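Throughout, a chain's letter reflects where its sequence line sits, starting with A, and its residues are numbered from 1. This structure is a prediction, so every number in the text was calculated from the model and none was measured.
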Protein chains: 2
Amino acid sequence: MSSSVQNKRIRKSPGARRAEIVAAAAGVALAEGLECITLRRVAEELDVRPGLISHYFPAVDDLVAEAYGSAVGSELDELLPADRAGATPTRHLARFLARTTGKAYDDISRLWLNARHLSRYRPALRDRVAVQEDAWRDRLEEVIRVGVEEGEFHTADPLVTAIQILVVLDGLGMLVNSPSADDGPPAVRRLPVTTAERELGLPVGALSDAPD
Amino acid sequence: MSSSVQNKRIRKSPGARRAEIVAAAAGVALAEGLECITLRRVAEELDVRPGLISHYFPAVDDLVAEAYGSAVGSELDELLPADRAGATPTRHLARFLARTTGKAYDDISRLWLNARHLSRYRPALRDRVAVQEDAWRDRLEEVIRVGVEEGEFHTADPLVTAIQILVVLDGLGMLVNSPSADDGPPAVRRLPVTTAERELGLPVGALSDAPD
DNA sequence: TTGCTTATTGGTCGCACACTCAATAGCATG
DNA sequence: CATGCTATTGAGTGTGCGACCAATAAGCAA
């Protein structure tokens with residue numbers, strides 16, 4: 001007997017079940033896209049009936065927003081930990097740039113692209129995107145600000161510099177679904193690093209040489 | 001009697017009808033988004049039956065790709081005319097940057113964002129996006145190349161510079177659906193101009209002072 | 001063990017979508 | 001005016017979606 005047929009109900013606490021649903025939806029969002037978060041698809045993922053998803057999220061749009069926020073929020077925590085224990089701002093920024101440039105970051109780029117477009121139609125998602133944009137910007141600005149205070153970076157306006165780096169990252173992320181995204185001049189792939197080094201008054205290579 | 005009820009058939013040549021359909025679909029794409037291009041929606045726009053759209057585009061994905069290509073292609077022709085009669089590269093680039101930064105460009109930004117995400121799922125659209133990316137890049141590179149030849153611009157690699165400007169434009173375009181897209185530091189809105197002036201060795205203001 | 005709360009199911013409804021195809025009628029041609 | 005070609009219609013198929021709700025049973029508490 002295959003385990004795919006569930007004839008026995010499994011009853012969980014509302015909190016646990018809700019978290020499970022959000023996690024499953026986040027997985028679907030990362031792998032297939034936010035529009036693939038449907039009652040049926042998420043239910044299948046958890047081997048429950050679609051009605052159960054509706055029970056926890058009467059409006060599916062709220063689940064979409066929650067799934068997006070969960071995926072992107074935890075990614076930020078890994079990229080720029082709030083408590084950066086014993087690492088210089090330079091190393092932190094270098095690590096951030098190394099990860100956001102790597103191939104493994106493509107799923108996150110796709111999710112950002114996805115969310116920014118879909119938020120055109122879904123208010124709940126639009127609010128969540130705004131929150132996450134603020135969070136990413138604030139976290140990056142903080143790293144830069146500390147770097148300036150400690151004399152590692154030099155910029156008149158950490159906020160603008162942070163936005164500038166994020167804009168370049170977003171601009172490259174726009175190309176994530178293009179077939180020719182991986183090729184192209186190497187100088188283009190290094191654009192975020194180049195931008196950061198220039199805007200922070202760092203020597204070339206300061207943010208790309210063996211950071212991790 | 002309202003004109004919304006069409007009881008009399010109007011028979012047109014295939015070429016004219018096809019062009020009409022593409023134009024209507026492009027209008028829908030610009031105003032409401034590519035996923036709003038449905039057989040019913042486009043048919044309603046032209047006051048015909050949905051089956052007629054299917055007749056000209058047996059696969060709706062091809063109509064979506066065609067509508068996108070039409071809208072974005074004609075926009076490029078207006079932004080960077082192929083035959084730039086009697087205008088300096090500086091004026092051309094200034095005009096391009098002025099228009100792509102303006103509020104009126106938001107619909108085009110939305111369409112690019114839309115297409116780049118949707119091309120994840122629709123192969124026909126993905127191919128069209130690649131074609132238009134090449135076209136925009138080539139056209140901008142050409143302006144820069146001529147500017148370098150005529151001594152107005154200074155850059156070692158016109159292609160990389162063109163891509164760099166487009167990446168910044170795309171990065172800002174990502175924010176088009178965010179509620180806080182219009183506010184934010186002025187320096188951020190001027191990022192494309194700043195980038196272009198820096199990369200082309202121009203004095204500050206060379207690309208933003210009364211171009212048109 | 002019994003009973004009760006409520007998490008979970010199963011079924012249904014209405015809607016919008018792409019796609020198909022035989023029947024119809026506009027219109028150019030003779 | 002009559003005729004033939006074909007652009008256009010009308011009707012229908014099947015799919016997947018969100019939402020709703022009464023019935024059911026899991027598992028905790030008494």
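Which of C:dT20, C:dA7, C:dA18 sits closest to the side chain of B:V60 comes down to C:dA18. Distances from the side chain of A:R11 to the nucleotides C:dT6, D:dG18, D:dT8 place C:dT6 closest.
A salt bridge links A:R41 with A:E45: at least one charged nitrogen is closer than 4.0 Å to a carboxylate oxygen. The existence of a salt bridge linking B:D77 and B:R139 is confirmed by a sub-4.0 Å separation between a basic side-chain nitrogen and an acidic carboxylate oxygen. Using a 4.0 Å cut-off between charged side-chain N and carboxylate O, A:E35 and A:R122 make no salt bridge. In this structure, B:E75 does not pair ionically with B:R99, as no charged nitrogen and carboxylate oxygen lie closer than 4.0 Å.
B:R49 places its CZ atom 17 Å from the C1' atom of C:dC19, with the value rounded to the nearest Å. Nucleotide D:dG16 holds its C1' atom 16 Å from the OH atom of B:Y121, rounded to whole Å. Per the geometry, CG belonging to B:L52 stands 15 Å off P belonging to C:dA18, to the nearest Å. Whole-Å rounding puts the B:E20 CD to D:dT8 C1' distance at 13 Å. Rounded to whole angstrom, the span from the CD1 atom of A:I37 across to the P atom of D:dG18 amounts to 10 Å. The nearest whole Å value for the distance from the NZ atom in A:K8 to the C1' atom in D:dA25 is 9 Å. Going from atom CD of A:E44 over to atom P of C:dT9 covers 14 Å, rounded to whole Å. The distance between atom CG of B:L39 and atom C1' of D:dG10, rounded to the nearest whole Å, is 15 Å.
Applying the 3.5 Å distance criterion, the base of D:dT8 shares a donor-acceptor pair with the side chain of B:R9.
The minimum heavy-atom distance between B:A124 and B:D61, with the atom names listed, is CB-O, 4.2 Å.
Each of A:P50 and B:H55 was assigned the nucleotide of DNA chain C with the nearest heavy atom; the assignment lying further toward the 5' end belongs to A:P50. Along DNA chain D, the nucleotide nearest to A:K12 and the one nearest to B:G51 differ in position, and the one closer to the 5' end is contacted by B:G51.
Residue contacts shown for A:R40 include a base, since a base heavy atom lies under 4.0 Å away.
Residue A:T38 has a polar side-chain atom (N or O) positioned under 4.0 Å from OP1 or OP2 of D:dC17. Taking side-chain N and O atoms only, A:Y56 has a distance below 4.0 Å to OP1 or OP2 of C:dT8. For the OP1/OP2 pair of D:dA7 and a distance below 4.0 Å, the side-chain nitrogens and oxygens of B:R17 include no atom meeting the criterion.
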